[in-house]
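Single-structure report; data block below.
Quick caveat, the model's predicted, so the values are computed rather than measured. Lettering of chains follows the sequences in order, A, B, ..., and the numbering in each one begins at 1.
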Amino acid sequence: MPFERKIKMDSATIRRKFLGFFESKGHQIVPSAPLVLKNDPSLLFTNSGMVQFKDYFLGNSVSKYKRIADTQKCLRVSGKHNDLEDVGLDTYHHTMFEMLGNWSFGDYFKKEAIEWAWELLTEVYKLPKDKLYVTVFGGDKGDNLPVDEEAQDLWRRFVLEDHILHGNKKDNFWEMGEAGPCGPCSEIHIDLRSDDEIKKKLGRELVNNDHPQVVEIWNLVFIQFNRLASGVLEPLPDKHVDTGMGFERLCMAIQGKTSNYDTDVFRPLMDFIALHANVKYGTDTKTDIAIRVMADHIRAVSFAIADGQLPSNTGAGYVIRRILRRAVRYGFSYLNFKEPFIYRLVSLLALQLRDVFPELHKQLDYVTNVVHEEEKSFLRTLEKGIRRLDDFITEQYEEFLHEVITPNVLKEINQSGTGKAEPLNITLPGKIAFELYDTFGFPFDLTSLIAREKGIDVDEKGFAAEMEKQKSRSKAAAVKETGDWILVGDDGKSEFIGYDHLTATSRILKFRKVKQKNKEMFQLVLDKTPFYAESGGQVGDTGFIESANEKIWVIDTKKENDLIIHWTETLPDKLEGEFFASVNESKRRLSMNNHSATHLLHAALRHVLGKHVEQKGSLVNEKILRFDFSHFAPMTDEEIAKVETIVNEKVRENIPLDEKRNVPIEKAKALGAMALFGEKYGEFVRVITFDPKFSVELCGGTHIKATGSIGMFKIVSESSVAAGVRRIEAVTAEGAEDFVNGSLAVLDELKTLMKNPKDPSAFLQGLLEEKHSLEKKLEVFNQQLANQIKEDLVRKAIKSNGHTLILEKLSVPSADALKNIAYGLRNQFDDLLMVLAADIDSKPQVAVMIGEKLEATKKFHAGNMVKELAKEIDGGGGGQPFFATAGGKKLEGLDAVLVRAKELIG
RNA sequence: GGGGGAUUAGCUCAGCUGGCUAGAGCGCUUCCAUGGCAUGGAAGAGGUCAUCGGUUCGAAUCCGUUAUUCUCCA
């Protein structure tokens, strides 16, 4: 009997004990960072516990606490060990997972890390010592590194020699990237197999061998080196500890399960899914996979949305969309969920994790709504795709039928709708399957499934080949080369002084070259800079840096983590020495107006619409401000007007800016400042207040001294961006003035054109109605004209050879009229044979019309006749057997047309 | 950032290689039928075929621009 059965500990307790344990060892417990990253070009999502502490390791900033522990939401959807398409197939991969971790920044090192890890696992969690294995770094010749004896000796105090293994550089040496902090690591693995299994094969032989029940649970990283770009390792002055323990696996080990999905982390979700799908988990592989996929994916999707990442068609948003759609697909195919269902899991999940990650529970309605809408939209996509696929399949059948049509085959096809069909030897080309996928978003596995049900094969290789083409195309377009940082003098700290100054005397600390779309650019880091880097929605500053003999334009300023980077197109010839750095003042000033106005808008919206309004996105530049916020209905004109009025009132009050820097976050919250979900805040924050009773926000942006300089605030548009998210675009100051003046100018112009009517809109309304009725009258008039011409032609008709012959030259206003006349006469005579040579606005046109009965005899073909006749007017033409037209250039040829027509008729 | 598709009546969509007087279903209006309702019958209104430009004798259809939107890849 497995040991674990005796232990009962739920996941919440396991998490609590971890945090409590490290708190008792002097660690500060911090909240999880958001799942979605901003300001990091190398990463879309937080994929491990250390991500939020990256800057501490890189030396860009210093941690206030030497010891920290937390549980971190992580998301992994790509990479060597975890492909999205694999999650759910096995029992231990996940998209979102929690990583428990403890850190030392220049404080304790290997001894404490190892002792505490052992104590927690064996004393607190009471995991059996003989089932635990540890690995230590076994050295690497290339890097000239020996075995990590230090760690090995420390482990020997607790662990039997045959439970300690050596690992290679791949498994036991951790690196942040190509260059940067790194060091050996030590992993703890656990053997969860039954005693019988263990007897057959020793646990140590299965460590690091992808066995689902002999798994790594904790990785202790000892950061002691810095790898230079050259590849050389140098020892770090401050050594750090970075550990990460997979929470779901830990729960599996402690709760004595053989699958992460069997723990109470996933079970409530899975039971709910199984209940509504009306299946039992554990009875069928296919439905089990589908249940796991849904239970897993809803976690990733819900928390990503709660952290501010809406599903979209680019970047991180696209990843979220893909995850959700994969869940819908599995539910649709294997659990028969044809209606939106997944959104109902959100509340269950929110409740389950309310105490650890309150952000989801606090935004329950919003997240549920977004998921629901996204589900609906994908189900619509599926429906359309199925229809298209059916069309394709029908086509394939038809082609097939042309070749082999026997009663037996027909019978087979007719039966094929009922379920399993005999293979028919028809293949759906990969190109078509790919087209369905690429253009219409219809998943390949559904294509195969449906095709197979109808006895059709799908060319998988062809599909994969098309997919490859698409990938290489995208890659080729996205080539971006980033060079190494090159130091200019000493590498020091970079300081931002742009809140108080627009100019500075600066030195270049380092620079690097980047190549994008064959364009070479440079990135500079200054020791102190007045340039504001794009952040919080506000655009980065532009401007220049200038030395005694040269001037370099800064075309953009961006942030990478906490580093402020100035983009330039050229590099100064002389990098050393002082530069005069100057920000483009007018752009900054206009952006500041818009940014402060955004704060006023935010406050006004909460005032008018309610407290559920929260910022979901923001863009502030020198021209416009765009503000996305949670709200479930379109705003009425009254609401918009009211918001505008409130903001403009606040502008006229000329409220002075109250800016407080370095406010402890707790104090800021007490002031009433709202923290945004998905935003990462430090220990100390900046608080921007315009009237403490009106607008208090945490913000790093630049602001005007008093609201009066906004001048005027004008909302330009209100629209929807996603389910439950509205967008307002507005302008301020000169922008608002231009907007209003522009609108008035258009109105003035229109009024002048209408000769200044009292009520312009009524006047225009009348004008439109009049136009409509005139058009109708004209139509009637034209019809009458055509009838006259028709009657004229009827009179000139000759009975000959048993048909009614009309050969005439005439003048009509349009090609349409000619057509009308021709059809009119066709309805009148079923033995009609008519050639009309028309002058339309001085352009020659010929029409040949043949009556229904005459057409049936196939004696004459209008299309062929008109081609022949067109030669006479230097033109060409064609049409159908009974009606054809031709146009040309030679107006004088019209008479010849009639002569030729007579010859043709004979 | 790079591909692919779509845009036709109030809505959902047909309209294949340029020439069938631009269609269907639902909805709408009017009339008729039934005790009422579900509904049935008849007639009718409603379209700059997204936009601008080009090719052509002729463009909803082919080519390019812009806009909007869907979708895939990075």
Side-chain angles (χ1 to χ4, degrees), chain A residues 41-42 44 77-78 84 311-319 321-322 325 374 377-378 380-385 387-388 391 394-395 398 431-444 463 466-480 516-519 719-721 768 771-772 775-776 779 782-783 786 814-827 837-841 843-850 852 855 861-864 866-867 869-891 893-894 897:
Chain A
S42 63
L44 290 175
V77 285
S78 59
L84 176 60
S312 75
N313 54 6
T314 51
Y318 182 58
V319 175
R321 171 167 285 173
R322 255 172 55 198
R325 291 189 165 191
E374 188 67 17
S377 129
F378 185 52
R380 270 200 300 273
T381 303
L382 285 184
E383 201 182 302
K384 283 186 183 181
R387 221 157 49 207
R388 275 182 192 276
D391 287 349
T394 310
E395 261 174 50
E398 276 167 9
K431 208 167 176 157
I432 290 180
F434 183 75
E435 190 188 332
L436 275 169
Y437 172 68
D438 182 48
T439 304
F440 302 105
F442 196 70
F444 180 72
F463 178 85
E466 291 292 327
M467 192 76 191
E468 265 319 299
K469 270 194 236 166
Q470 153 96 315
K471 280 188 181 169
S472 56
R473 218 178 13 232
S474 286
K475 262 186 197 152
V479 172
K480 184 180 157 188
Q516 226 169 342
K517 281 209 247 169
N518 282 329
K519 207 175 158 194
S719 59
S720 159
V721 267
L768 285 174
K771 170 182 169 281
H772 194 247
E775 274 171 356
K776 289 280 160 203
E779 209 174 291
N782 277 335
Q783 191 60 47
S814 70
D816 238 21
L818 188 67
K819 206 189 236 176
N820 268 323
I821 293 164
Y823 272 94
L825 288 164
R826 175 178 157 92
N827 290 337
D839 173 347
I840 302 172
D841 256 351
K843 274 189 174 169
Q845 178 138 13
V846 179
V848 178
M849 177 60 97
I850 293 166
E852 216 177 325
E855 184 204 346
H861 190 281
N864 295 342
V866 91
K867 270 183 196 137
L869 298 175
K871 288 176 188 164
E872 304 295 337
I873 51 169
D874 280 359
Q880 309 125 72
F882 70 93
F883 179 66
T885 57
K889 288 163 200 149
K890 208 167 90 181
L891 192 61
L894 285 178
V897 166

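- With salt bridges taken as basic N to acidic carboxylate O contacts below 4.0 Å, one links Lys469(A) and Glu466(A).
- Residue Ser472(A) is out of contact with every strand shown, counting any heavy-atom pair closer than 4.0 Å.
- Taken from CG in Leu825(A) to CG in Asn820(A), the straight-line distance is 11.0 Å, to the nearest 0.5 Å.
- Look at the C1' atom in both rA60(B) and rA14(B): the space between them is 12 Å, to the nearest Å.
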Could you go through nucleotides 68-70 of chain B and list every protein N or O atom that sits under 3.5 Å from one of its N or O atoms, giving the distance for each pair?
none

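- Atom P of nucleotide rG1(B) and atom CG of Leu44(A) are separated by 15 Å, given to the nearest angstrom.
- Among the protein residues, Ala886(A) comes within range of the nucleic acid bases, having at least one heavy atom under 4.0 Å from a base atom.
- With P as the reference atom, rU7(B) and rC62(B) are 10 Å apart, rounded to whole Å.
- Residue-to-nucleotide proximity on RNA chain B shows that, of Lys889(A) and Gly878(A), the 5′-proximal contact is made by Gly878(A).
- Residue contacts for Lys384(A): at a heavy-atom cut-off of 4.0 Å it reaches the sugar-phosphate backbone alone, with no base atom in range.
- Using a 4.0 Å heavy-atom cutoff across all strands shown, Gly315(A) reaches at least one base atom of the nucleic acid.
- The side chain of Tyr823(A) has rU21(B) as its nearest neighbour among rU21(B), rG19(B), rC13(B).
- Sorted by first and then second residue, the salt bridge (Lys or Arg N to Asp or Glu O under 4.0 Å) pairs with a member in residues 870-887 of chain A read Glu868(A)-Lys871(A); sequence neighbours excluded.
- Each of Glu435(A) and Glu374(A) has a nearest nucleotide on RNA chain B; the 5'-most of these lies closest to Glu435(A).
- Side-chain atoms of Asp438(A) come within donor-acceptor range of the base of rG3(B), with a qualifying N/O pair under 3.5 Å.
- Distance CZ (Phe883(A)) to C1' (rG58(B)): 11 Å, rounded to an integer number of Å.
- Distance check on atom C1': rU12(B) versus rU48(B) gives 23 Å, rounded to whole Å.
- Computed from coordinates, the Gln880(A) CD to rC16(B) P distance equals 14 Å when rounded to whole Å.
- For Gln470(A) against rC72(B), a side-chain-to-base donor-acceptor contact under 3.5 Å is present.
- The structure places CD1 of Ile873(A) at 10.5 Å from NZ of Lys889(A), a figure rounded to the nearest 0.5 Å.
- Between Phe444(A) and Phe463(A), the ring planes are parallel. Angles under 30° get that label, and only those over 60° would be called perpendicular.
- One interatomic measurement links the two molecules: NZ of Lys431(A) to C1' of rG4(B), which rounds to 12 Å at whole-angstrom precision.
- Taking atom CD1 on Ile850(A) and atom C1' on rG19(B), their separation rounds to 14 Å, with Å as the unit.
- The CG atom of Leu894(A) sits 13 Å away from the C1' atom of rC57(B) (whole-angstrom rounding).
- Residues Pro443(A) and Phe378(A) have side chains in contact (heavy-atom distance under 4.5 Å, counting atoms from C-beta outward).
- rU69(B) and rG36(B) are spaced 49 Å apart, taking the P atom of each and rounding to whole Å.
- For the pair Arg826(A) and Phe883(A), the cation-pi test (distance below 6.0 Å, angle within 45°) is failed.
- Per the geometry, CZ belonging to Arg380(A) stands 10 Å off P belonging to rU12(B), to the nearest Å.
- In this structure, CG on Asp438(A) lies 11.5 Å from NZ on Lys431(A), to the nearest 0.5 angstrom.
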Q: Test side-chain contact (heavy atoms from CB on, under 4.5 Å) on Lys384(A) and Phe440(A) and set out the steps.
A: CA-CA 8 Å; Lys384(A) 283 186 183 181; Phe440(A) 302 105; over 6 Å; no
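- Residue contacts shown for Gly441(A) are limited to sugar-phosphate atoms, with no base heavy atom under 4.0 Å away.
- For rC20(B), one of the phosphate oxygens OP1 or OP2 lies less than 4.0 angstrom from a side-chain nitrogen or oxygen of Lys819(A).
- Spacing between rG58(B) and rU39(B) at atom C1', rounded to whole Å, works out to 48 Å.
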Q: Report the C-alpha distance between Ser377(A) and Arg325(A) in whole Å, list the side-chain angles of each, state the deciding distance to 0.1 Å, and finish with yes or no for side-chain contact (heavy atoms from CB on, under 4.5 Å).
A: CA-CA 10 Å; Ser377(A) 129; Arg325(A) 291 189 165 191; 3.8 Å; yes
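- Note: CG (Leu436(A)) to C1' (rU71(B)) measures 12 Å, nearest angstrom.
- If you take atom C1' in rG23(B) and the same atom in rA67(B), they sit 27 Å apart, rounded to whole Å.
- For RNA chain B, each stem of at least three Watson-Crick or G-U pairs (distances under 3.5 Å) is given as range with range: B:1-7 with B:67-73, B:10-13 with B:23-26, B:28-33 with B:39-44, B:52-54 with B:62-64.
- Counting heavy atoms from C-beta outward, Phe442(A) and Thr381(A) have side chains that stay 4.5 Å or more apart.
- A gap of 9 Å separates the C1' atoms of rU56(B) and rG18(B), to the nearest Å.
- Nucleotides rC57(B) and rU65(B) place their C1' atoms 26 Å apart, quoted to the nearest Å.
- More than 12 heavy atoms of other shown residues, nucleotides or ligands fall within 6.0 angstrom of atom CD in Gln880(A).
- The base of rG19(B) sits within donor-acceptor range of the side chain of Thr885(A), with an N or O pair under 3.5 Å.
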